[in-house]
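All values reported here derive from a predicted model rather than from experimental measurement. We use all heavy atoms of the structure for the numbers below, so side chains are in, but hydrogens, waters and symmetry mates are not. In the text below, chain A, chain B and the rest are named by the order of the sequence lines, each starting its count at 1.
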Amino acid sequence: MKYKIDEIENGVIVRDVKHFNPVQVAESGQVFRWNALEDDSVNIVSHGKLINIKREKEDIVIRGTNKSEFENIWYDYFDLGRDYVEIRNILSGDIELDKAMEYGEGLRMVNQDPFETTITFIISANNQIPRIKKSVELIAKTYGEAIGEYDGETVYSFPSPEVLSKADVAEIREITRVGFRDQRIVDTSKMIANGEMILDELYNLNREEARNELIKFPGVGEKVADCILLFAYKFADSFPVDVWVQRIMETLYLEEPIPKKHIGDFGRKQFGELAGIAQQFLFYYGRENKIGK
DNA sequence: TGCCAGGGGTTCA
DNA sequence: TGAACCCCTGGC
């Protein structure tokens, strides 16, 4: 453990954490169950738990947890094992990316649960972030378990593959507003629940192999697969290309439009093994500043 | 007020 | 390769 941890009542303080602004991460588009509050803290639902996290000067304060849980769950979830000073050094020297990294000073990757990431990014297809977040909340409320309460509202965990695989397609559509993605959610959950696909085994594959497996899920194409690889499986060189990244790359790096499927390889050539992390900085910077739009 | 385009893509013809 | 797809919101 490379950080000094102090225990407080119902929480921990992680001392001297560089480059971690929870509000920026909440806005980064990689997470859908991080909700920024008025005091600049962020409520997070993950791993069947509700926690609250806030930057206080050099430190990160996490409430709703304890030291052993922090070490077992949140340390890895918040990617605290990776040195972002070093990551940013490696990526530095590119004028546009330097601007994006300065803008996203507190951005970092979050290591999320593969199943939840798969389902939420299936929902993201041809969709918009507020509606994605709403659908994810409704799925948790309908099929998850009550795990706590905030501001008078019950908070629910994300359901298991077993539960979602048995959900009624018409009911999912009716209640959770996912539209045509209803069948994809149930069918993907079935493939996992019945053992046809074992998500944990993808950790043992290389990026191309894991990608080819993920694409077997209905509703998972190349872009969604790349998001799952980057946000759940720690493939830092996975470079998801959505309409925003395409516009940003064309505006900042390319003379002319190139096919979407070639932009990922271009990104890896340009930024190397950490291309996916570079993509996060560019996505955040580009979307907040409407680059290319 | 009401209509219409378009959105973190994927699928199917 | 291109149209269709649920639903919702912002712009006119």
Side-chain angles (χ1 to χ4, degrees), chain A residues 24-35 100 104 107 109-110 112 114 116-139 141-142 164 167-191 197 211-233 235 238-252 257-264 266-267 275-293:
Chain A
Q24 284 191 349
V25 176
E27 294 168 346
S28 70
Q30 60 178 311
V31 290
F32 296 108
R33 302 198 79 192
W34 286 42
N35 290 308
L107 273 186
M109 309 309 297
V110 180
Q112 304 182 64
E116 180 172 339
T117 308
T118 300
I119 298 300
T120 53
F121 279 87
I122 285 173
I123 294 170
S124 80
N126 197 287
N127 209 340
Q128 333 189 85
I129 291 175
R131 201 183 135 205
I132 300 165
K133 291 182 76 166
K134 192 172 171 188
S135 286
V136 174
E137 285 310 310
L138 288 168
I139 285 177
K141 188 174 180 180
T142 309
L164 268 189
D168 180 70
V169 175
E171 181 187 83
I172 286 202
R173 177 176 292 218
E174 174 70 23
I175 296 177
T176 69
R177 321 309 293 158
V178 293
F180 59 81
R181 307 160 193 83
D182 53 1
Q183 190 78 53
R184 300 172 182 177
I185 292 169
V186 174
D187 288 347
T188 292
S189 300
K190 278 183 184 163
M191 287 173 67
M197 185 79 81
R211 192 178 199 250
N212 288 334
E213 291 301 302
L214 288 170
I215 287 175
K216 292 177 182 169
F217 287 127
V220 177
E222 300 191 335
K223 187 270 177 182
V224 169
D226 287 339
C227 284
I228 301 166
L229 293 173
L230 182 61
F231 301 141
Y233 288 103
F235 284 102
S238 180
F239 197 89
V241 181
D242 57 38
V243 290
W244 278 101
V245 172
Q246 181 170 19
R247 280 199 289 256
I248 292 162
M249 293 303 288
E250 283 172 359
T251 304
L252 300 182
I258 68 170
K260 211 171 163 187
K261 56 185 288 196
H262 294 159
I263 296 181
F266 176 85
I277 302 179
Q279 185 268 10
Q280 273 296 282
F281 287 119
L282 291 168
F283 176 79
Y284 180 72
Y285 173 65
R287 200 163 64 89
E288 298 279 316
N289 295 292
K290 302 196 187 311
I291 287 176
K293 214 183 175 189

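Spacing between atom CD of A:Gln112 and atom C1' of B:dG8 amounts to 14 Å, rounded to whole angstrom units. What separates CD of A:Gln30 from C1' of B:dG8 is a distance of 13 Å, to the nearest Å. Between the CZ atom of A:Arg247 and the C1' atom of B:dG9 there is a distance of 14 Å, given to the nearest Å. Atom C1' of nucleotide B:dT11 and atom CZ of A:Phe217 are separated by 17 Å, given to the nearest angstrom. Between the CG atom of A:Asp187 and the P atom of B:dT10 there is a distance of 16 Å, given to the nearest Å. Taking atom CD of A:Gln183 as the reference point, atom C1' of B:dT11 lies 13 Å away to the nearest angstrom.
The gap from the C1' atom of C:dT1 to that of B:dG8 amounts to 22 Å, rounded to the nearest Å. B:dA5 sits 15 Å from C:dA3 when the P atoms are compared, rounded to a whole Å. Comparing C:dT9 with B:dT10, their C1' atoms sit 23 Å apart, to the nearest whole Å.
Just one of A:Thr188, A:Val186, A:Thr142, A:Ile139 meets the side chain to side chain contact (heavy atoms under 4.5 Å, CB included) condition when paired with A:Leu164; it is A:Ile139.
Contact check for A:Leu282 versus A:Met249: side-chain heavy atoms found under the 4.5 Å cut-off. Annotation: side chain of A:Trp34 is not in contact with side chain of A:Glu27 (no heavy-atom distance under 4.5 Å).
Heavy-atom nearest nucleotides on DNA chain B were determined for A:Arg184 and for A:Gln279, and the one closer to the 5' end corresponds to A:Gln279. Nucleotides of DNA chain B nearest to A:Pro218 and A:Ile132 differ in position, and the one nearer the 5' end is that of A:Ile132.
Across all strands shown, A:Val220 has heavy atoms under 4.0 Å from sugar-phosphate atoms exclusively, and none from any base. Looking at heavy-atom distances under 4.0 Å, A:Phe231 makes no contact with the nucleic acid at all. A:Ile122 comes within 4.0 angstrom of no nucleic acid atom, judged by non-hydrogen atoms across all strands.
Taking both residues in full, the closest heavy atoms of A:Ile215 and A:Gly221 are given as CG1-O, 4.0 Å, listed atom of the first, atom of the second, then distance.
For B:dA13, the paired nucleotide is C:dT1, the pair qualifying as Watson-Crick or G-U wobble because both relevant distances are below 3.5 Å.
Taking the ring centroids of A:Phe121 and A:Phe32, they lie under the 6.0 Å cut-off.
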Summary of protein contacts for nucleotides 6-12 of chain C, nucleotide by nucleotide, where a base hit scores B, a sugar-phosphate-only hit scores S (4.0 Å, heavy atoms): BBB----
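Between the side chain of A:Gln279 and the main chain of A:Pro240, a donor-acceptor pair closer than 3.5 Å is present.
In summary, A:Lys134 and A:Glu137 do not engage in a salt bridge, as defined by a charged side-chain N under 4.0 Å from a carboxylate O.
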